[in-house]
Amino acid sequence: MATITGVHADEIRDSRGNPTLEVTITTEEYSAHASVPSGKSSGTREACELRDADGVGVTRAIANVNTVIRDALLHVTIDSAQIDRQLIALDGTKDKHHLGANAMLGVSIAVMRLAAKEKAMPLWKYIAELGGYTPGFPRLYMNMLNGGAHSSFRLPFQEYIVAVGAAGPRESYAKANAIFETLGTLISERYGVVPMGDEGGYSPEMNGIETPFALLNEAMGAEAMAFLAIDAAASEFFHDGKYVIEGAPHSSDELFKIYEDLVKKFHLKSIEDPFDEVDFSTFHRITTELGTRALIVGDDLTVTNPEITKEMIAEHRANGMIIKPNQVGTLTEVFETVRLAKEAGWKLIASHRSGETEDTFIADLAVGIGAYGLKAGAPTQKERRVKYERLIEIEKEFTQ
Ligand code: PGA
Ligand code: ZN
């Protein structure tokens with residue numbers, strides 16, 4: 001294997017216009033880039049995204065890549081697992097606040113891209129071989145109505161998603177786009193011009209918990225390959241022990257009943273973070289009582305962290321989870337989490353963040369690990385579209 005001849009990070013802007021980093025790593029023959037997304041409704045146990053004292057800038061994270069990480073990795077052989085271990089040791093903290101999980105992830109992804117290039121393999125295939133996974137195409141979880149923290153709480157839940165699982169990404173994307181277009185027409189007829197949320201979906205103001213679901217159902221029409229999903233991101237509306245929806249406080253049991261009704265009435269099939277990230281007993285209850293009819297998906301609950309995921313599996317607090325590499329900081333840890341979740345029979349949904357870049361890594365990741373779904377947002381933003389476009393490219397590589 002080749003050795004590293006260059007490590008460099010630059011500042012770029014994410015889809016919200018905030019600074020983030022792009023890392024470039026080179027060998028004698030190749031070079032690879034990776035850029036790092038950023039969440040807004042983050043789980044409290046996520047690895048530390050290193051920002052400057054102003055809470056915005058990433059000059060410290062960039063400096064870490066360009067000095068201490070660069071010095072450690074120059075002339076090192078391209079070996080993802082080994083380099084990730086080196087980064088973890090170099091950081092030396094539990095939450096990665098020394099180097100920054102953002103700095104570490106940029107390096108980790110660029111190294112894996114280089115390793116795939118050195119082997120002349122598409123990235124998804126390299127990932128599949130590395131982990132011994134059966135690759136496959138994910139359902140497209142397209143977030144069409146943005147609420148919660150992604151749109152000043154104009155809608156109570158954070159993401160109202162239509163998931164489409166047709167024969168392959170090209171067909172799924174076409175169907176999802178058609179539904180999104182119909183939705184746009186319905187919204188302009190009924191609500192006029194409405195703002196867009198962080199992930200490129202519509203953000204109308206509506207009354208009634210069921211109204212957004214009824215609207216999406218209408219937009220879906222008779223499309224048999226689509227179903228409804230949500231990311232409630234419930235930690236965001238959990239205040240003083242109550243879930244506050246449309247101004248009214250609800251207990252855990254009352255919120256459970258709301259989900260139960262939505263599953264029955266709208267065939268809601270996938271519910272992410274239905275409760276606050278430490279409301280463990282209600283996570284357990286919903287997994288036990290609704291888990292055969294709906295996928296109960298951990299995100300803030302599990303934060304792509306192997307130790308935390310292990311605990312949630314043992315306590316039966318979900319039966320699916322979000323995989324977001326920047327929640328944990330290195331791909332080696334991501335794959336450890338994937339292994340644990342797969343062994344437990346959990347379904348995986350690879351995911352973007354609300355602040356995205358044009359990096360398409362999660363598309364390769366979703367295919368490589370054979371994820372059940374890919375959350376990549378609405379097609380109004382370039383940063384989201386490129387993920388779907390990469391999937392369609394992979395569909396071509398798949399048959400070659
Ligand atoms: P975030 O939201 O990227 O703002 O954390 C996405 C999610 O909660 O799934
Ligand atoms: Zn989430």
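Keep in mind the model is a prediction, meaning the values are calculated, not measured. For ligands, and for the atoms within them, numbers begin at 1 and follow the listed sequence. Starting from 1, each residue takes its place in the sequence as its number.
- Heavy-atom contacts of Glu159 reach the following atoms of ligand 1: 6 (C), 7 (C), 9 (O) (cutoff under 4.0 Å).
- Between Lys310 and Glu315 there is no salt bridge, since no side-chain N of the basic residue sits under 4.0 Å from a carboxylate O of the acidic one.
- With a heavy-atom cut-off of 4.0 Å, Lys324 touches ligand 1 through its side chain alone.
- Ile322 does not count as a contact of ligand 1, since none of its heavy atoms falls under 4.0 Å from the ligand.
- Arg113 forms no cation-pi arrangement with Phe361, by the criterion of a distance under 6.0 Å to the ring centre and an angle within 45° of the ring axis.
- Between Lys96 and Glu333 there is a salt bridge, since at least one side-chain N of the basic residue sits less than 4.0 Å from a carboxylate O of the acidic one.
- Remark: ligand 1 atoms within the under-4.0 Å shell around heavy atoms of Asp299 are 7 (C), 8 (O), 9 (O).
- The Zn ion (ligand 2) has an N, O or S atom of Asp231 closer than 2.8 Å.
- Side-chain contact, Glu11 with Thr59: no donor N or O sits under 3.5 Å from an acceptor N or O.
- When rounded to 10 degrees, the angle formed at the Zn ion (ligand 2) by OE2 (Glu272) and OD2 (Asp299) equals 90°.
- The atoms of ligand 1 that sit less than 4.0 Å from any heavy atom of Ser41 are 1 (P), 2 (O), 4 (O), 5 (O), 8 (O).
- If you check the side chains of Asp231 and Tyr160, you find no donor sitting under 3.5 Å from an acceptor.
- The pair Arg339-Glu343 meets the salt-bridge criterion, with a side-chain N (NZ, NE, NH1 or NH2) lying under 4.0 Å from an Asp/Glu carboxylate O.
- Salt bridge status for Glu272 with Lys375: present, with a side-chain N to carboxylate O gap under 4.0 Å.
- By the criterion of a heavy-atom distance under 4.0 Å, neither the backbone nor the side chain of Ala233 is placed next to ligand 1.
- By the 4.0 Å N-to-carboxylate-O rule, Glu46 lies too far from Lys324 to be salt-bridged with it.
- When each atom of ligand 1 is checked for a heavy atom of Asp231 under 4.0 Å away, the hits are 7 (C), 8 (O), 9 (O).
- Using a 4.0 Å heavy-atom cutoff, Glu272 is listed among the residues neighbouring ligand 1.
- Of the protein's heavy atoms, Gln158 NE2, 2.9 Å lies nearest to atom 8 (O) of ligand 1.
- Protein heavy atom closest to atom 5 (O) of ligand 1, with residue, atom name and distance, is Arg353 NH2, 2.6 Å.
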